[in-house]
A.B. asks: 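Attaching a single structure in structure tokens format; questions to follow.
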Amino acid sequence: MSIPIRTPTWVSKRRLFEQKLSELHKCTNLNHLKQVHAQIVKTNLHQDPFVAPKLITAFSLCRQMALAVNVFRQIQEPNVLLYNTLIRAHIQNSQPSQAFSTFFEMQSSGMWPDNFTYSFLLKAVSGQSSLPLVQMIHTHVEKSGFCSDIFVPNSLIDSYSKCGSAGVRAARKLFTAMNERDVVSWNSMIGGLVKAGDLGEARRLFDEMPERDTVSWNTILDGYVKAGEMTAAFELFEKMPERNVVSWSTMVSGYSKTGDMDMARMLFDMMPIKNLVPWTIIISGYAQKGLAKEAITLFNQMEEAGLKLDDGTIISILAACAESGLLGLGKIVHASMERTRFKCSNQVSNALVDMYAKCGSLDKALRIFNGMGNRDIVSWNAMLQGLAMHGHGEKALQLFFRMKEEGFEPDKVTFVGVLCACTHAGFVDDGLHYFHTMERDYGIVPQVEHYGCMIDLLGRGGRLKEAFRLIQSMPVEPNAIIWGTLLGACRMHNAVELAEEVLKCLVKLEPSDPGNFSILSNIYAAAGDWDSVSNVRLRMKSMGIQKPSGASSLEVDDEVHEFTVCDRSHPKSDRIYHMIDKLGQHLKKVGYVPRAY
DNA sequence: CTAGGGTTAG
């Protein structure tokens with residue numbers, strides 16, 4: 001006869017709640033969690049050292065950090081595990097500074113951080129690329145002796161190598177000093193060198209390392225892709241002993257970026273397994289090149305394949321739409337988001353505002369912008385820029401005042417928008433005023449972009465000499481965009497001599513850009529100086545450069561139609577040109593005067 | 001530790 005051993009109730013209850021909480025980890029249902037929390041509090045188990053961390057993690061997964069912190073505060077003497085759990089919770093909810101205050105609180109309570117603490121903290125700083133923060137953690141790690149652990153120094157190498165060239169040097173020093181290195185140490189170090197652009201050294205370590213896994217291959221592959229060396233990348237890709245989704249995606253991304261959509265598509269179609277990322281890359285690639293039809297077809301196929309959009313996919317595709325003005329695809333993405341009741345993060349809303357604004361749908365952009373409860377500086381900048389770009393200079397400046405009233409501090413990007421608004425509204429003196437206040441009142445040192453805006457502002461306003469003097473007085477080296485802007489202004493105001501001067505500087509920076517020569521040629525033509533026109537043409541010929549004919553395109557029913565000068569390839573050319581003539585006559589009747597070249 | 005991600009002049 002056996003007597004059943006009864007487990008004390010509190011132990012069984014604890015097990016029960018632990019089980020309930022780990023179930024909650026899988027589905028983050030806040031209402032359910034709150035019920036369980038109430039039951040736990042009733043049985044006083046919220047103080048339990050095993051239950052409390054699970055509760056914090058569950059609240060963290062539901063993005064309820066206030067409740068998570070509340071659980072933590074109920075504990076009189078939190079142990080290391082509990083501190084670590086809260087630190088990790090803050091990081092998972094993108095609150096790195098709160099993670100650090102928890103860390104400092106932990107230290108002042110006399111608690112010793114362990115290797116988990118440091119791993120979490122390093123994760124918190126890895127996104128910040130702040131060398132002093134990584135150095136601070138490194139110092140703490142050295143004092144506590146956790147350098148013998150392999151995870152912590154590996155994370156240190158990774159965090160260091162995201163902090164520029166000084167960081168990579170520190171990473172290298174640590175890497176060399178380690179008495180034991182595993183494949184992750186090597187991969188992190190190679191990844192750091194790749195990020196710093198030191199492909200040669202990265203390759204040297206790659207060849208030197210004792211054992212390579214798929215991550216090692218993918219890392220060096222990405223190095224070649226980022227350097228635009230697709231031939232070398234392809235060779236490596238073929239040599240790889242094993243390829244995973246990342247390897248294939250890296251290649252697809254590389255070909256997309258170099259504009260070789262045929263190769264990108266071929267590899268994409270050959271991929272044995274696809275997830276959201278390669279779909280995103282190929283769709284964004286097509287969208288960036290303005291190939292709306294392909295982009296839209298693939299977007300529909302992606303949805304048919306049952307893939308659910310995420311933040312990365314939406315932001316990436318919308319950004320590509322904004323860049324090439326693909327309003328059609330942008331609307332399709334937006335419609336899909338509304339259909340699936342996608343919960344917009346701040347970044348996603350900003351991407352929508354930017355897409356609609358850049359594509360000229362200012363009313364839609366404004367509606368989303370005004371509906372945002374959590375606007376940040378990026379939202380304001382995107383909206384301001386959109387208004388300025390499309391000729392609503394005055395409205396853009398009004399938005400600038402509203403933004404300041406609501407307590408947002410303008411940044412360098414804001415001023416690019418403000419100056420652009422002044423240019424498009426013709427407010428030359430206001431522009432000069434903002435350019436000066438920018439540094440004086442806001443402490444923003446003008447960058448080459450701001451000078452670019454100013455050259456455009458003065459140039460379009462006909463103050464070409466002032467623009468030229470500003471370029472000469474710039475503390476930064478003028479780039480091709482700066483000179484190109486001035487050249488454009490010269491064309492606008494038929495300033496032949498200055499244009500010649502500007503072209504000399506431009507040729508040094510962009511020797512083979514045909515556009516610059518053709519602008520000069522247009523300026524000569526407008527002045528009736530046909531000898532100089534033919535001189536420029538001869539010069540271009542002798543240099544072996546050719547200006548591709550300009551083309552414009554527009555999108556009708558998801559199809560892009562391209563138009564070039566004197567194009568007669570369309571079967572209905574006669575009717576089309578007849579219509580254009582009629583339109584031209586009508587325009588003249590209502591007073592349009594074409595620009596003379 | 002590796003692939004996609006919001007605002008920057010013509």
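Computed from a prediction, not measured in an experiment: that's the story for all the values here.
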A.B. asks: With a strict under 4.0 Å distance from non-hydrogen atoms of chain A, what nucleotide opens and what nucleotide closes the contacted stretch of DNA chain B, reading 5' to 3'?
C.D. replies: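 Listed 5' to 3', the contact boundaries are B/dC1 to B/dG10.
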A.B. asks: NA contact type, A/Thr485, heavy-atom cut-off 4.0 Å: base, sugar-phosphate, or nothing?
C.D. replies: sugar-phosphate
A.B. asks: With sugar-phosphate meaning primed atoms plus P, OP1 and OP2, does A/Gln385 contact a base, only sugar-phosphate, or nothing at under 4.0 Å between heavy atoms?
C.D. replies: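 Here A/Gln385 touches the backbone only, sparing every base.
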A.B. asks: Reckon A/Ile481 touches a base, only the sugar-phosphate, or nothing at all at heavy-atom distances under 4.0 Å?
C.D. replies: base
A.B. asks: Check A/Arg463 with A/Asp429, please: is the shortest side-chain N to carboxylate O separation under 4.0 Å?
C.D. replies: yes
A.B. asks: For the residue pair A/Arg375 and A/Met383, establish whether any side-chain heavy-atom pair is separated by less than 4.5 Å.
C.D. replies: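 No, too far: nothing below the 4.5 Å cut-off.
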A.B. asks: Can A/Arg469 and A/Glu466 be counted as an ion pair, charged N to O under 4.0 angstrom?
C.D. replies: no
A.B. asks: Regarding A/Asn479, tell me which of base, sugar-phosphate or nothing describes its non-hydrogen contacts under 4.0 Å with the strands shown.
C.D. replies: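 A/Asn479: base contact, heavy atoms under 4.0 Å.
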A.B. asks: Which value, rounded to the nearest 0.5 Å, describes the distance between A/Glu323 atom CD and A/Lys289 atom NZ?
C.D. replies: 12.5 Å
A.B. asks: A/Val353 near the nucleic acid: base, sugar-phosphate alone, or nothing, with a heavy-atom cut-off under 4.0 Å?
C.D. replies: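 It contacts nothing in the nucleic acid.
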A.B. asks: Base, sugar-phosphate, or nothing: which does A/Cys453 touch, judged by heavy atoms less than 4.0 Å apart?
C.D. replies: sugar-phosphate
A.B. asks: Remember a base hit wins even if backbone is also touched, and classify A/Gly488 as base, sugar-phosphate or nothing at under 4.0 Å, heavy atoms.
C.D. replies: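 Result for A/Gly488 = nothing.
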